[in-house]
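Working notes, beginning with the structure itself.
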Amino acid sequence: MSKVAFITGATRGIGKQIAITLAENGYDICLNYRKENDELNNTKKEIENNNVKCLTVQGDVSSFDDCKKMCDEIIAEFGKIDVLVNNAGITKDTLLMRMSKEDFESVIDVNLTGTFNVTKNVVPFMMKARSGKIINISSVVGVAGNAGQTNYAASKAGIIGFTKSLAKEIGSRNIQVNAVAPGFIETQMTEVLSDSVKEEISKNIPLKRMGTTTDVANLVKFLASDDSSYITGQVINVDGGMVM
Ligand code: NAP
């Protein structure tokens with residue numbers, strides 16, 4: 001029986017590549033999206049080309065009800081969730097002096113509360129199965145901080161605390177919970193940066209380049225696999241050595 005992986009925010013960027021990489025490795029995929037678009041249908045086709053199933057589930061992770069509904073749909077279709085990847089995330093960057101309360105709250109709502117909302121609905125099924133892998137996409141910014149990102153850094157640091165605490169709570173049920181902390185990865189999220197800013201960032205990365213979505217997906221693949229079964233509560237950077 002194939003393993004089932006649920007990936008949030010998976011129609012583009014890092015989430016999409018994680019879904020494709022896991023599909024290439026034989027997982028049935030549950031793909032979360034917010035709004036139907038061409039990219040969603042293309043991603044679904046790309047996944048199904050690997051002879052695995054792909055269920056698309058609509059929902060906003062900042063809504064607890066949406067997360068419950070998505071989880072119920074997955075259980076009705078597959079009866080289990082082996083791997084959860086909390087990937088959906090947003091940025092609303094600006095200096096604290098200019099940041100509105102709404103800018104702060106919306107980033108926390110999606111990135112941190114969203115991680116809680118999805119995980120809370122998935123964990124009971126993993127507990128029953130006495131097995132599961134939860135992989136939370138944090139950021140090196142949650143470890144090291146970054147000017148202009150107090151909201152985002154707080155959400156990503158929160159994910160790290162959440163990951164470690166949950167790892168302690170449910171390790172005895174054979175469920176591993178880890179966080180992945182990407183550095184600067186080429187996606188729509190970083191597309192807004194000018195070429196000169198990207199060059200400057202790359203200069204300060206020991207491996208002298210921005211990361212690719214595949215760099216992140218390969219680490220997630222490892223954490224989802226049995227090869228990582230004695231690893232829990234960890235934050236693993238995938239950042240070309242940017243933060244050590
Ligand atoms: P991206 O290209 O902007 O994609 C983000 C994805 O999240 C999109 O599919 C988006 O769907 C989805 N999403 C946003 N809000 C959502 C919500 N409320 N409910 C459900 N889905 C939602 O970003 P990315 O670069 O791939 O980032 C993916 C994750 O990696 C994020 O958690 C991000 O913080 C983290 N990360 C990225 C980098 C980087 O350099 N790119 C570095 C460190 C960490 P819509 O199309 O509907 O908006």
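First listed ligand is number 1; within each ligand, the first listed atom is number 1.
What sits closest to atom 38 (C) of ligand 1 on the protein, heavy atoms only, is G183 O, 3.9 Å. The shortest contact between atom 30 (O) of ligand 1 and any protein heavy atom is with I137 CG2, 3.4 Å. Among protein heavy atoms, atom 22 (C) of ligand 1 sits closest to A88 CB, 3.6 Å. The single protein non-hydrogen atom nearest to atom 48 (O) of ligand 1 is R34 NH2, 2.6 Å, given as residue, atom name and distance. Summary of contacts: the protein heavy atom closest to atom 43 (C) of ligand 1 is P182 O, 3.4 Å. What sits closest to atom 12 (C) of ligand 1 on the protein, heavy atoms only, is G9 CA, 3.6 Å. Protein heavy atom closest to atom 5 (C) of ligand 1, with residue, atom name and distance, is G89 O, 3.8 Å.
Annotation for ligand 1: atoms under 4.0 Å from non-hydrogen atoms of F184 are 40 (O). Atoms of ligand 1 lying under 4.0 Å from at least one heavy atom of T11, given by number and element, are 9 (O). Atoms of ligand 1 lying under 4.0 Å from any heavy atom of I90, numbered from 1 in the order shown and given with element: 14 (C), 15 (N). Under a 4.0 Å criterion applied to the non-hydrogen atoms of N32, ligand 1 contributes the atoms 20 (C), 21 (N). Less than 4.0 angstrom separates some heavy atom of S139 from each of these atoms of ligand 1: 43 (C), 44 (C).
The environment of K198 atom NZ is dense: over 12 non-hydrogen atoms of other residues, nucleotides or ligands sit within 6.0 angstrom. Surrounding NZ of K80 are more than 12 heavy atoms belonging to other residues, nucleotides or ligands, all under 6.0 Å away. Enclosure of atom NZ in K45 is not indicated, since only 12 or fewer non-hydrogen atoms of other residues, nucleotides or ligands lie within 6.0 angstrom.
Salt bridge annotation for E77-K53: absent, with no cationic side-chain nitrogen under 4.0 angstrom from a carboxylate oxygen. The pair K69-D65 fails the salt-bridge criterion, with no side-chain N (NZ, NE, NH1 or NH2) lying under 4.0 Å from an Asp/Glu carboxylate O.
Contacts with ligand 1 closer than 4.0 Å are made by backbone heavy atoms (N, CA, C, O) of S138 only, the side chain lying farther away. Contacts between N87 and ligand 1, counted as non-hydrogen atom pairs separated by less than 4.0 Å, involve both the backbone and the side chain. When non-hydrogen atoms are compared, ligand 1 lies under 4.0 Å from the side chain of Y152 (C-beta onward) but not from its backbone. Of all the heavy atoms of N111, none lies under 4.0 Å from any atom of ligand 1, so neither backbone nor side chain is involved. Both the backbone and the side chain of V61 come within contact range of ligand 1, each with a heavy atom under 4.0 Å. In D60, the parts holding a heavy atom less than 4.0 Å from any atom of ligand 1 are both the side chain and the backbone. With a heavy-atom cut-off of 4.0 Å, T187 touches ligand 1 through its side chain alone. At a heavy-atom cutoff of 4.0 Å, ligand 1 is contacted by no atom of K16, backbone or side chain.
Judged by distance alone, with hydrogens and angles left aside, the side-chain atoms of N32 form a donor-acceptor pair with the main-chain N or O of G59 at under 3.5 Å. The closest donor-acceptor contact from the side chain of N111 to the backbone of I90 lies under 3.5 Å. Listed for the D215 side chain is a donor-acceptor partner under 3.5 Å among the backbone atoms of T212. Under the 3.5 Å distance criterion, the side-chain polar atoms of T8 are matched with a main-chain donor or acceptor of A88. The closest donor-acceptor contact from the side chain of S138 to the backbone of K156 lies under 3.5 Å. N178 places a side-chain N or O within donor-acceptor distance of the main-chain N or O of I231, the cut-off being under 3.5 Å.
The closest approach between any non-hydrogen atom of E39 and ligand 1 is not below 4.0 Å. Under a 4.0 angstrom heavy-atom cut-off, T8 registers as lying outside contact with ligand 1. Taking a 4.0 Å cut-off on heavy atoms, G59 registers as neighbouring ligand 1.
You'll find the side chain of V107 stays beyond 4.5 Å of the side chain of T91, heavy atoms only.
Distance check, rounded to the nearest 0.5 Å: CG of L219 to OG of S228 gives 9.0 Å.
Evaluated by nearest non-hydrogen atom to atom 37 (C) of ligand 1, the leading choice among I185, I14, T115 is I14. Nearest-heavy-atom check against atom 4 (O) of ligand 1 across Q17, R12, M189, M70 picks out R12.
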TODO: Go through the steps for N136 and T163 under the test side chain to side chain donor-acceptor pair (under 3.5 Å), then give the verdict.
DONE: CA-CA 7 Å; N136 298 323; T163 299; 3.0 Å; yes
Task: salt bridge (Lys or Arg N to Asp or Glu O under 4.0 Å) between E200 and K203, intermediate numbers included - done: CA-CA 5 Å; E200 201 49 44; K203 260 192 223 160; 3.4 Å; yes
